[in-house]
Amino acid sequence: MRRERVQRWFLLIGLAALAGVALLLGRGHLQGPARDALTPEERQWFESHAGGLVRGPYLNAPLSFINDKGEFSGIAEDYARLLEDKLGVKFRRAAPTPLSELLENLRAGRVDLASGLTRTPERLEYLLFSEPYVRIPNLIVVRQGTYEVLTLEEMRGLRISVGENFGAHEYLKRTHPELQLVPVPNDLEGLLRLSTGEVDAMIVHVAALSFHITQENLTNLHVAGRIPYEYELAMAVRKDEPLLNRIVQKGLDQITEEEKQVIWSRWIYAMEPPFYRDPFFWRLLAILLVGVGVAVGTVVAWNKALKRQVRARTHELAEAHRNVSFLAEASLILSETLDYSETLSRLGELCVRHLADWCVIDVVMEGRIRRLAGTHVSPAKRPLLDTLAERYPAWEGGASPAGEVLRTRQPQLYPEMSEEDIRASCVNEEHAQLIIALGTRSAIAVPLVSRGNMLGVLTLGSGPHGRRYGRKELELAQEVARHATLAYENARLYQQAQEAIRLRDVFLMVAAHELRTPLTSLKLRVSSLHRLARDAPEQRIRTDALLRELPRIEAQTVRLRTLIEQILEVSCIGAGRFELMREEVELCQVVQEVVEDLREQLSRSGSPLEVRAACPAIGRWDRLRLEQAVTHLLENAIKFGQGKPLEVRVEPGPDTVRLVVQDQGIGFPSEAKARIFEKFERAVSERHYGGLGLGLFLTRQIVESHGGTIFVESTPEKGSTFTVVLPYGEHASPPLGHATPP
C-alpha cells in the first residue's frame, strides 16, 4: 500500500513537471507584446493617446494601497503594472483616492481607466469593463464565540459592516434591503470595528481578510459563512473609450496563469480552513450517519433546535444588556444638569446612537409647541430637521405622529411607513419630501406626561437600513420618555422658580424706581405750592403759579395711574381674568384717536409722524384693548425713535388687517426678539429708558386674545418695525406657536 502511494505521488509530480515545461514552451509562442495583437486602427489610436491616459488608483489594502516604504502596492496595482508591461506603456497615475472619489473622477472624465473594480449595474451606466482577471470570494466574518455558522437570511437585526460603495455593498442593498448595513470607508476599519464589538458581523473578501488578519494580528475573528457574490476584479474604462477597452482586454489576455498565481500567492496568506471544509470530516460524518441512523438524526435535530434557542436567547440577552446600558446612560445624562434644553439635546443624540436614525423632542411651553432637540445620524441631514421645525411645527390635531400623540396622549407605533403613509401624515408634498429625505421607514412617537399634564412628545425615526420598530422598541421608548419627563419637569420647575425670583427682584427694583419718580415730582410741586401759601398767608396764591404747577401735578398723577393700571393688567392676565368686550371697531379711527392723544408727547419728542391708512378696516374687536395696544406701540416708537421720523400703516386684507408701526431709532439686536414681548423684559438698559417693561407684553396679550399675531424686525441704529396681524372675525383663536413674518 505504501509503495503504491509513493508511486502515485511520483506520477503526479512528473505530470506537473511536464505541464510546467509545456507552459514554459508555450509562453514563448503565445506571449508577446500586446501591440503585436493590435489592429492598425488600435495601434495608431493607442500610440497617439497613450501618453495622456490617466490611471486612477484607490486606497483599500490589499487591492491597492501605500505600503510602509511609501510605495504604491497591492493586487490591483500589480495587475496594472503587468498590463503596462504587456502594452509597453506607462500610464499617467493620478493621486490615490478613496473608492467613492475614484468612481466620481471616472464619471467626470478626470480619470480614463482604473484597475481592481468589479462590475455592478450602477457602474455599467458610465464604465466599460474588461473580462475579470481574478475572482475573490466574499465571506461572513464574526467574532469568535458569537456565531458558528451564518447565512444572509439569518443576519436580520445584526449590525453588519461593509465597504461603502464597494461591489458587495451595492449587491446587499439591491438583494437584501432588510439587512442593517453599517458602511465603512475601508475593509480595515470594518474589521477593527468588528474586533472591538461595535458591529456584529462584516462582509469582506478573502484577500482583505487574509491580509489584515496577518498584518493587524486580529486573532478574535472567525469565518462563519460565505455569500453568493464574488469580486470579479477587472479593468474599468470610461464608457466613451470603447477602443481603449479593447486594447486593455488584449493586454490582459497576455497575462499568463503563472503570473496570476505569483500575484495571488504574494497577497493571499494561508488560512486554516474550518473543519467542515475537510473532506475526511464529511466521510466520517456519513459513516456515523449510516451507523447511527435515526438516533443520530434525532440528536442532530435536537442539537440544532437547542442552538437556535441558545442563539435567540443570546441575542435577547445582548439586546437587553444594550437596552439597560442605554437607559443607564440616559439616566446619567438626564441627572447631570438642570438645563433642560441641553439635557434634551444630549438625550436626542443618545437615542440616535442606540435606537434611531433621527430623533426630535417637542415640548409644550406656555401653550406653544417648541422644538427643543433635533438630531440625525447623518450630520448632512440635520438641516432638514431645522427646516421641518421652522416650516411644519408639530401642532395638536395634526396628522403627523407628534400631532396624533398631542391629540390622543397615547403612544404611536409605525412599524412600516410607505411613501403613501408619509404623505397621508403631512401637510403638503414639500412636507412629505422632507420626511422622506430624512430616511423614514419606521417611527415611534411617545408622550411626555407629568401629573396629567402634557409636556411634549419624543419622536424616533428609523431609515430604510435601520431597525423596524415593534412592541419592544415602543416599551423602551416609553421608559426613556418617563426618565426624560421627570428630568425635564424638575429642570423646568427649577428654572421657573429661578426666573420667577429674578423677575420679582427686577420688577421690585424697576417698580420702586418708576413709582418713586412721579411721587418725588408730586412732592416737589406740592411743596412749592405750600411754600407760596406760607410766604404770603394773607394773600391768595397767584393764578399763574397754580396754572404752572397744576398741569405738572396732573401729568405725574396720570403717570402714576398708568403704572398702576399696567401692574393690575398683568395681575388680571396671570389670574385668567383677561376678557374682551367685542364690538364693531374701525381700526383707522382708533389709530387717529391715539395719535391725537399722543400729540403733545410727539411734539416733545421731535419725531414727525406719518399715518398711512387704507380705510375702512372694520372688525369685531375690543375697542379699549385695541386702543391700549396701539398706544403701547406708538409710545414705544416715540421713546426709542430718537426724534427721527415715525410711520404708522393700516393695511386691510381679505382675511386679516395689518397694523405696522415703524421707527428709525436705536433698534436692538436679533437675539432680543425672543424676549422683548415677555413680562419686565426690555432690549435696552432701564437706566437710560424708563418704564416697567410691560407695554409690549400687554400688547402681545391683547393681540393674541383677538386671535392675531405680532412680530418685530429690528436692526441696531436703524430702527424697528412692529407688525400686528388681526383677523376680522370674532371666533379666531390664538395660535400655539410664536408668529413668524410671512
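Residues take their numbers from the sequence shown, with the count starting at 1.
In this structure, a donor-acceptor pair under 3.5 Å is present between the side chains of Glu429 and Gln433. Judged purely by distance below 3.5 Å, without hydrogens or angles, the side chains of Ser462 and Ser442 never pair a donor atom with an acceptor atom.
In terms of the disulfide bond (SG atoms under 2.5 Å apart) criterion, Cys426 has no residue partners (sequence neighbours excluded). Annotation: ring-ring contact (aromatic ring centres under 6.0 Å, His included) contacts of Tyr414 (sequence neighbours excluded): none. In this structure Thr459 satisfies the side chain to side chain contact (heavy atoms under 4.5 Å, CB included) test together with Trp358, Val360, Ala402, Ala445, Val457, sequence neighbours excluded. Remark: Asp421 pairs with Ser418 by the side chain to side chain donor-acceptor pair (under 3.5 Å) rule, at least two apart or across chains. Partners of Glu583 under the salt bridge (charged side-chain N to carboxylate O under 4.0 Å, His left out) rule, at least two apart in sequence or in another chain, do not exist in this structure. Residues satisfying the side chain to side chain donor-acceptor pair (under 3.5 Å) criterion with Glu104, sequence neighbours excluded, are absent altogether. Among residues two or more places apart in sequence or in another chain, the salt bridge (charged side-chain N to carboxylate O under 4.0 Å, His left out) test is passed with Glu647 by Arg612, Arg649. Qualifying salt bridge (charged side-chain N to carboxylate O under 4.0 Å, His left out) partners for Glu610, counting only residues two or more places apart in sequence or in other chains: none. Under the salt bridge (charged side-chain N to carboxylate O under 4.0 Å, His left out) criterion, Glu420 pairs with no residue, sequence neighbours left out. Remark: Asp362 pairs with Arg371 by the side chain to side chain donor-acceptor pair (under 3.5 Å) rule, at least two apart or across chains.
In this structure, the side chains of Val725 and Phe711 come closer than 4.5 Å at one or more pairs of heavy atoms. With contacts defined as side-chain heavy-atom distances shorter than 4.5 Å, the pair Leu726/Leu659 does not qualify. Under the 4.5 Å side-chain criterion, counting only non-hydrogen atoms from C-beta, Tyr469 is not in contact with Pro415.
Put simply, the side chain of His706 gets close to the backbone of Asp622: a donor and an acceptor are under 3.5 Å apart. Counting only distance, with no hydrogens or angles, the side chain of Ser603 and the backbone of Arg599 share no donor-acceptor pair below 3.5 Å. The backbone N or O of Pro652 lies less than 3.5 Å from no partner atom in the side chain of Thr656, so there is not a single donor-acceptor pair. For Glu586 (side chain) and Gln589 (main-chain N/O), a donor-acceptor pair under 3.5 Å exists by modelled atom type. No donor-acceptor pair closer than 3.5 Å links the side chain of Arg625 to the backbone N or O of Trp621.
Screening residues 369-416 for disulfide bond (SG atoms under 2.5 Å apart) gives no qualifying pairs among residues at least two apart or on separate chains. Residue pairs meeting the side chain to side chain donor-acceptor pair (under 3.5 Å) criterion with at least one partner in residues 374-384, sequence neighbours excluded, are Thr375-Arg382.
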> Between Cys351 and Cys359, does a disulfide bond (SG atoms under 2.5 Å apart) hold up when you go through it step by step?
Replying inline: CA-CA 7 Å; Cys351 289; Cys359 171; 4.5 Å; no

